[in-house]
Participant: 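For reference, the structure I am asking about is given below.
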Amino acid sequence: MFDPEVYQRRRDGLRQKLEGDRGLVLLPGNGESPVNYEDNAYPFRQDSTFLYYFGLDQPDLAAVLDLDSGAATLFGDDPTVEQIVWTGEVPRLADRGAAVGVSDIKPRGALGDVVSAATSAGRNVHYLPPYRADIILLLARLLNMAPDQVRDRTSIELVRAVVDQRARKGPEEIAEMESAVEVSVAMHQAALELAAPGVTELQIAAEVERIAREAGGRLAYPAIATINGQTLHNHSYHSNLSDGDVFLLDTGAETATGYAADLTSSFPASPRFTDRQRAVYQVLLDAYDAAVAAIAPGVRYRDVHLECSRVIFDGLSGLGLTRGDTDEAVAAGAHALFFPHGLGHMIGLDVHDMENLGEDLVGYAGEQRSTQFGLRSLRLARALESGFTLTVEPGIYFIPQLIDDWKGRGHCAEFIDYDELQHWRDFGGMRNEEDFLVTDDGARRLGPRKPQTIQELERG
Ligand code: GLY
Ligand code: MN
Ligand code: MN
C-alpha cells in the first residue's frame, strides 16, 4: 500500500476529470470467489481500479466518491467475534480507511440507502463495466435494473477518466513494476538453468510460480511454459523437453500491491539452438530491437507494430520463406502468417492493463481498429505518451493449421513461398517480451534485463 496522500491525490484527480458532474462514483471491491464450495475460494484478487483509488486488498468493500462534495466513503463491516475465531484479528475498518486517507466509514448495508438517495435526487451514479457475476447482481440491485442491463449503462465518462489517469504511471507505480520485473527475471533465469532434455514443462512451471510466491506476490497470469510455443495461449504443461525443442516461457510476477510484469523468453532445451532456430531467433531479436528503438511519445504503437512486422517479413525473406515488396506484403497482412498477434499492450495493475474497461477505449482512444487478421489482435495502437508502460513482444510462429489454411486458399501467395514453408511446418514458435516505460524522449526498460541474446541463451 502507498501513503494515504497517493490515494487522496488520485481521487482528487478523478474528481477534476469529471468536473461539472455532481453525481457519485461507485466502485465496488471484489468479493471472494468460490472454487467448489463457499469456504474454498480462489486466491482473493481485489479489483484493480478499487486498488488504484482505495488501496485496500480485502474482500467485500465498496467505495463511493461524491463528485459534488469531494467526500470519499468506504463501505464494509468489521468482523464479528465469531468470524474472528476463524480468521484471527484483522485491522479495524476505521484504521484501514485511515491508511488510505478515508475517514468516512459506513456499514456495507448502508450502500443501498446512499445510492437510492442519489438516484432519487436525479444524480448520476457512475460505475465501470463489471466483469464478475456477483458485482453485476449487486449493481442491478442497487440501481434497480435487470442484470442484463447493467453493462449497457456503464459510465463512458468514468471509463475515460479512469483510463486517462491509470495509463500515466506515477513514480510509486513504476517502482512497483520494476520490482515485479526483478522477480520475473529471477523466474526466467531459474527456468534457463533448469531447462534440459528430460525435464518436464510442469517442473519449470512449478519452479517459476514458487519464486513468485516466495517473493511475496504471485503470478500475474497463468504461466505459459511449453515446447509448443506456436500455440499462443498454451496452458498445458504435459510435455517433456527434448533435444531440438525450443522452450517458450511467458511468465511474470505480480507484487503484493498488485503490479504486474510480463516477460517471455525462448531458448533451446538443449544447450544450443539448431542453426535454423538460431537464424529465426536472430530475426526475432532484430524485430524486437527495431520496435524498442521506435518507441517515443507521439509515436503510434500501431506504427511500431508495423515497423516490427516489416523487420520480421524482411528477415524471413532472407531465409527464403517470404518474398516481394515488404511494404506491400505488410499492408496485405502477409507477415501475420508468422506473427498473428499484436506487438504489445499496456501493463500496470493488470497484466493487460485496464482490459476490463474496454480494449478500444484503453488501447485505441478513438482510433479505428483494423479488421485484418493479425492487426486486429493489436491491443495497443494509440499514440504513446510519456508515463505509459507497455510490453514489447514480437513472436515468430509456424502454425501448421494456419499454414495449411492460407496455402489452401492461396492467401498472400505472392508473398509467401509455400513450397519452402513445407520444410518448416514443425518448427514451433518463439517470442521475446519485456516491459518498458515511455519516457520524454524514448523508452526505458522496466527493471533489470533478462538473458535474451543468443550468447546469453546458449549454455556451453
Ligand atoms: N502474457 C500474456 C501476454 O503476453 O500478453
Ligand atoms: Mn504480454
Ligand atoms: Mn506475456
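Everything numeric in this text was worked out from a predicted model, so none of it was measured. First listed ligand is number 1; within each ligand, the first listed atom is number 1.
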Participant: What residue and atom, counting heavy atoms only, is the protein's closest point to atom 4 (O) of ligand 1, and at what distance?
Facilitator: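 Checking every protein heavy atom, the shortest distance to atom 4 (O) of ligand 1 gives E393 OE1, 2.9 Å.
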Participant: Judging by distance only, is a nitrogen or oxygen of D250 under 3.5 angstrom from one on ligand 1?
Facilitator: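 There is such a contact, yes.
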Participant: Kindly indicate whether a cation-pi arrangement holds for R431 with Y288, taking the cut-offs as under 6.0 Å to the six-membered ring centre and within 45° of the axis.
Facilitator: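 Geometry flag: not set, cation outside 6.0 Å or 45°.
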Participant: Report yes if some heavy atom in the side chain of R210 is under 4.5 Å from a heavy atom in the side chain of M187; otherwise report no.
Facilitator: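 No, their side chains stay 4.5 Å or more apart.
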Participant: By number and element, which atoms of ligand 1 are closer than 4.0 Å to a non-hydrogen atom of E433?
Facilitator: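 Listed by number with element: 4 (O).
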Participant: In terms of side-chain heavy atoms, does Q8 have a donor or acceptor partner in D12 at a distance below 3.5 Å?
Facilitator: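 Short answer, yes.
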Participant: Do any nitrogen or oxygen atoms of R431 come within less than 3.5 Å of a nitrogen or oxygen of ligand 1?
Facilitator: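 Between R431 and ligand 1, no N or O pair is found under 3.5 Å apart.
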Participant: Specify the closest pair of heavy atoms between S386 and T439, including all atoms of both residues, with the distance to one decimal.
Facilitator: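 Minimum heavy-atom contact is OG-C, 3.6 Å.
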Participant: Keeping R302 on the side-chain end and R369 on the backbone end, is there a donor-acceptor pair under 3.5 Å?
Facilitator: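 Judged by distance alone, no pair lies under 3.5 Å.
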Participant: Just to be sure I understand the site: which N, O or S atoms from the protein are less than 2.8 Å away from the Mn ion (ligand 2)?
Facilitator: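 Listed by chain and number, the nearby protein N, O or S atoms are D262 OD2, H345 NE2, E393 OE2, E433 OE2.
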Participant: Looking at atom 3 (C) of ligand 1, what's its closest protein heavy atom, distance included?
Facilitator: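 Answer, as residue, atom name and distance: D262 OD2, 3.4 Å.
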Participant: Is a side-chain donor or acceptor of D417 paired with a backbone partner of E420 at a separation under 3.5 angstrom?
Facilitator: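 Between the backbone of E420 and the side chain of D417 there is a qualifying donor-acceptor contact (under 3.5 Å).
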Participant: In this structure, is the centre-to-centre distance between the rings of F338 and F398 below 6.0 Å?
Facilitator: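 Yes, they do, as the ring centres are separated by less than 6.0 Å.
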Participant: Any non-hydrogen atom of V351 lying under 4.0 Å from ligand 1?
Facilitator: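 In this structure, V351 fails to qualify as a contact of ligand 1 - no heavy atom is under 4.0 Å.
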Participant: Kindly confirm or rule out an N or O of H352 lying under 3.5 angstrom from an N or O of ligand 1.
Facilitator: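 In this structure, H352 places an N or O atom under 3.5 Å from an N or O of ligand 1.
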Participant: Out of K169, R379, R168, which residue meets the salt bridge (charged side-chain N to carboxylate O under 4.0 Å, His left out) rule with D353?
Facilitator: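 Testing D353 for a salt bridge (charged side-chain N to carboxylate O under 4.0 Å, His left out) against K169, R379, R168 leaves exactly one candidate, K169.
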Participant: Take the angle between the ring planes of W424 and F427 and call it parallel below 30°, perpendicular above 60°, tilted in between.
Facilitator: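 Ring orientation of W424 relative to F427: tilted.
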